[in-house]
Number of protein chains: 2
Amino acid sequence: MGAECKDKLKKIEDVLKGRGVKLTNQRREIIEFLAQADKHLRAEDIYDGLKDRGIGLATIYRNLELLRVNGVVTEISHGKYRYYELRMFSSKCTHIHFKCESCGVMKDIVDKDIIFDIIKIKNELEARHDLTIDDYSFILSGKCGDCKE
Amino acid sequence: MGAECKDKLKKIEDVLKGRGVKLTNQRREIIEFLAQADKHLRAEDIYDGLKDRGIGLATIYRNLELLRVNGVVTEISHGKYRYYELRMFSSKCTHIHFKCESCGVMKDIVDKDIIFDIIKIKNELEARHDLTIDDYSFILSGKCGDCKE
DNA sequence: CTTGATGCAAAGGATTTGCACAAAT
DNA sequence: ATTTGTGCAAATCCTTTGCATCAAG
């Protein structure tokens with residue numbers, strides 16, 4: 001685990017402590033597993049990665065929900081599945097999600113310019129339609145570069 | 001059923017015929033039920049509205065999927081539920097979806113200016129990230145005007 | 001101790017599927 | 001007749017929950 005990752009974990013631990021939530025071994029493993037993934041994961045994916053360490057599926061589900069409520073992970077629903085990603089610095093970071101219908105991968109699109117546009121849209125919607133927006137997600141689906149041809 | 005609605009139904013029927021899909025009674029009822037709803041519906045909502053007419057839940061699910069594949073309805077996943085709406089003239093019409101976490105309603109936000117912005121974002125993402133985007137949805141959640149106070 | 005977290009197995013709930021029957025061509 | 005669609009019930013799959021046990025303060 002790199003220094004940057006350790007740093008993030010430390011920050012997440014602080015967030016949780018401030019909310020009276022313990023960073024148990026299982027929770028740390030789940031967070032680290034999410035941190036090293038290059039795509040979004042379902043509860044079952046995490047379970048497959050961690051079951052050898054004796055972590056049960058129910059624990060994964062319970063903690064993903066706990067981490068979601070405490071702002072550590074973001075949930076993305078698409079079709080019948082729910083995917084999770086580390087939110088890290090949620091207030092600063094908006095994600096765009098892309099699901100490739102060919103290979104099934106669910107990934108982030110990182111694009112600073114466009115994130116800025118999306119935040120503007122969100123703010124405008126809030127003002128124009130008399131809403132309080134707590135959360136939002138922009139999900140696209142189609143074919144990724146590899147599957148396109 | 002108003003004239004405008006009849007017209008839309010006719011157009012949908014044409015689309016389906018062109019794809020070799022029959023407009024059965026059940027399918028027409030599902031489509032009409034979606035057309036008259038002022039919010040997005042789950043399969044179960046449609047079933048509740050149509051079960052007295054002897055339409056089974058499995059038929060609803062099967063046909064929602066069939067209508068989705070044929071471009072007649074759009075599916076919106078949020079948390080554990082999947083909602084459906086009539087797509088009507090999909091290429092011309094982008095929707096923004098809002099779920100109120102207080103009253104649970106899932107609705108469209110109609111806002112022509114912002115839809116234009118979103119389409120631009122979608123096009124830009126396609127070009128900049130080497131993707132083919134077939135579908136996309138912008139889902140927001142929070143509190144609606146009624147629940148806000 | 002006391003409280004909260006975990007693993008396992010069972011339950012729950014949304015969605016899908018198998019099958020016999022009905023509808024349409 | 002043959003094909004396709006439907007209703008019902010059973011099965012499936014993802015997710016949640018109950019409960020006994022474990023870990024931490």
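So that the names make sense, note that chain A is the first sequence line, chain B the second, and so on, each numbered from 1.
- Computed from coordinates, the A/L64 CG to C/dT6 P distance equals 12 Å when rounded to whole Å.
- Not a single donor-acceptor pair under 3.5 Å links the side chain of B/R27 to the backbone N or O of B/N63.
- For A/D134, the salt bridge (charged side-chain N to carboxylate O under 4.0 Å, His left out) criterion is met by no residue, not counting sequence neighbours.
- Rounded to a whole Å, the CG atom of A/L23 is 15 Å from the C1' atom of C/dT6.
- Between A/R19 atom CZ and C/dG4 atom P the separation is 17 Å, expressed in whole Å.
- For the pair B/R68 and B/D135, the salt-bridge criterion is not met [side-chain N within less than 4.0 Å of a carboxylate O].
- Protein atom CG of B/D45 is 13 Å distant from nucleotide atom C1' of C/dA14, rounded to whole Å.
- Shown here is B/K17, whose NZ atom has no more than 12 heavy atoms of other residues, nucleotides or ligands within 6.0 Å.
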Mark up nucleotides 1-17 of chain D, 5' to 3', with B wherever a protein heavy atom is under 4.0 angstrom from a base atom, S wherever such an atom reaches only the sugar-phosphate, and - elsewhere. ----SBBBB----SBBB

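- Between A/R128 and B/D113 there is a salt bridge, with a side-chain nitrogen of the basic residue lying less than 4.0 Å from a carboxylate oxygen of the acidic one.
- Going from atom CZ of A/R28 over to atom C1' of C/dT6 covers 15 Å, rounded to whole Å.
- For A/I46 and C/dT6, the CD1 to P distance is 14 Å, given to the nearest whole Å.
- By the salt bridge (charged side-chain N to carboxylate O under 4.0 Å, His left out) test, A/D45 is found to be paired with no residue, residues two or more places apart in sequence or in another chain being considered.
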